[in-house]
Number of protein chains: 2
Amino acid sequence: MTTKPYHHGELRPALVNAANAIIRESGIEGLSMRRLADQVGVSRTAPYHHFKDKNALLCAIAEMGFKEQNSMTREILDDPENGNSQAVFNRWVRAYIRFAHENPETYDLMYGREIWKGGTPTPSLQQISKASFRLWVELVAKMQAHGVLPDRHSALRTGQASWAALHGMARLLIDGIYIEREDLEEIAETVVDLLTRAPAD
Amino acid sequence: MTTKPYHHGELRPALVNAANAIIRESGIEGLSMRRLADQVGVSRTAPYHHFKDKNALLCAIAEMGFKEQNSMTREILDDPENGNSQAVFNRWVRAYIRFAHENPETYDLMYGREIWKGGTPTPSLQQISKASFRLWVELVAKMQAHGVLPDRHSALRTGQASWAALHGMARLLIDGIYIEREDLEEIAETVVDLLTRAPAD
DNA sequence: GGCGATATCTTGACGCTGTCAAAATCGACC
DNA sequence: GGTCGATTTTGACAGCGTCAAGATATCGCC
């Protein structure tokens with residue numbers, strides 16, 4: 001066995017796991033440091049020796065979300081089975097929306113106000129989120145090269161615009177405003193259609 | 001004079017005004033019922049006789065935001081000076097983004113998680129937000145009729161998809177993630193371009 | 001093997017939050 | 001003038017994030 005910590009043993013990962021479980025079933029606002037500590041079986045302030053802040057804890061969760069999303073992206077990109085580029089784009093969009101739908105609370109932390117406006121994103125979170133965006137722009141550039149996305153604008157601008165569309169869809173879905181779940185498939189199709197069929201002239 | 005309330009006189013509007021001032025300069029998380037009551041000069045629980053909840057207060061603020069946004073939309077639609085339809089669409093998009101940028105906290109309440117996911121939107125808020133969306137779909141239909149937006153999909157779907165794009169842009173801007181303020185103009189242009197230049201084939 | 005340093009955890013406390021219950025105050029109406 | 005109901009206040013409770021001190025266990029080193 002590896003070097004085991006002191007009283008509890010692997011408290012930090014236990015905290016992250018428990019926190020993930022809590023937000024999954026009670027939402028972000030259902031997560032409090034005290035309740036989390038209770039769940040894990042330590043005292044109220046024990047977590048503060050592994051996370052400077054509640055904000056730091058939330059950043060750690062968001063980070064895990066980015067890692068999962070990035071590996072998802074890589075999977076799609078590297079799959080030799082995937083057909084033409086348009087199909088890849090389509091698959092990616094669906095996967096993105098599915099992730100947001102299946103992990104709404106994590107998604108909220110990854111891109112939401114709580115961390116980015118209210119709190120202060122951890123350096124490592126900033127780093128991984130930037131890397132995630134770079135990955136997306138990379139994919140956009142490839143799509144532009146294959147004629148799937150228009151190349152009238154730079155890959156960066158096109159990436160920002162198209163990500164905004166995806167993000168807005170995810171947000172409206174998660175928050176349950178203007179978009180119903182059963183309409184999602186059609187709306188995603190519409191978004192993809194609008195984005196991909198804007199030829200130069 | 002109209003029927004004046006008892007001790008304070010017009011406490012309810014005073015509360016809404018003060019609340020608006022507070023969120024404008026301290027953000028939503030800077031607004032607490034107690035601080036609000038202090039500001040207005042009443043006791044902590046006085047506001048509860050005019051708003052069932054903190055949630056009800058927030059809904060009232062969001063409602064005002066929708067009213068302002070709707071009147072803004074009407075202004076643009078009814079302006080006889082506005083040129084062709086494409087220009088109208090453009091103006092509307094810019095106005096929408098400007099509103100979000102100038103009233104980020106109100107925008108957050110209008111479309112954010114706080115009310116729509118966490119809390120429970122007031123019936124009147126639900127009503128006005130739905131009306132606001134209907135107005136948008138109406139505009140989209142007109143744009144489709146004028147060939148500004150593609151009519152491959154229904155006005156509803158096209159409206160949902162395009163609103164998602166706008167909303168995503170607004171959110172990323174407000175939360176300060178992936179979109180810098182100085183790039184906003186170009187990104188908006190890209191979004192409009194992608195949306196409007198997707199002809200049938 | 002013992003010891004001091006250090007990481008870890010606990011207990012106590014502070015000020016803040018939203019909001020309920022009961023008491024006090026006031027305006028209007030019969 | 002007395003009553004009623006609307007409004008406001010005071011008091012209280014449970015919950016929150018987190019800081020400061022003290023307790024405890026483990027590690028590195030002699």
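Order of the sequence lines sets the chain letters (A, B, ...), proteins ahead of strands, with each chain counted from 1. Given the structure is predicted, the values throughout are model-derived calculations rather than measurements.
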Spacing of A/K54 atom NZ relative to D/dC19 atom C1', expressed in whole Å: 17 Å

Starting from the 5' end of DNA chain D, give me the residue, A/G30 or A/K52, whose nearest nucleotide shows up first. A/G30

Identify which nucleotide among C/dT19, D/dT9, C/dT17 has an atom closest to any side-chain atom of B/V42, counting heavy atoms from C-beta outward. D/dT9

Rounded to the nearest 0.5 Å, how far does CG of A/L31 lie from CD of A/E105? 10.0 Å

Need one value for B/S32: base, sugar-phosphate or nothing, where a base atom within 4.0 Å counts as base even if backbone is also close, heavy atoms only. sugar-phosphate

Less than 3.5 Å between a donor and an acceptor, one on the side chain of A/R44 and one on the base of D/dG15, is that the case here? no

Measure the distance from OH on A/Y48 to P on D/dA21 and round it to the nearest whole Å. 18 Å

A/Y96, A/F133, A/Y111 screened by ring-ring contact (aromatic ring centres under 6.0 Å, His included) with A/H167, the one that passes: A/Y111

In this structure, how many angstroms lie between the P atom of D/dC16 and the CG atom of A/L31, rounded? 10 Å

Starting at the 5' end of DNA chain D, which residue's closest nucleotide do you reach first, A/M33 or A/H49? A/M33

Where the side chain of B/T45 is concerned, which of D/dT9, C/dT10, D/dT18 is the nearest nucleotide? D/dT9

Return the value, rounded to whole Å, for the distance between atom CG of B/L15 and atom C1' of D/dT7. 13 Å

Nearest-angstrom distance from the residue atom CG of A/D38 to P of D/dG17: 12 Å

Within-4.5 Å side-chain heavy-atom neighbours: A/D175 and A/L172: no

When rounded to whole Å, the CD to P distance for the pair B/E29 and C/dG18 reads 12 Å

Determine whether B/R12 and B/F51 make a side-chain contact, defined as any pair of heavy atoms from C-beta on separated by less than 4.5 Å. yes

Gap between atoms CD and P, on A/E10 and C/dA7 respectively (whole Å): 17 Å

Presence of donor-acceptor pair under 3.5 Å, side chain of B/R34 and base of C/dT19: yes

Phosphate OP1/OP2 of C/dC9: any A/H50 side-chain N/O under 4.0 Å: yes

Whole angstrom value for the distance that separates P of D/dA14 from CZ of A/R35: 18 Å

Do the non-hydrogen side-chain atoms of A/Q69 and A/M72 ever get within less than 4.5 Å of each other? yes

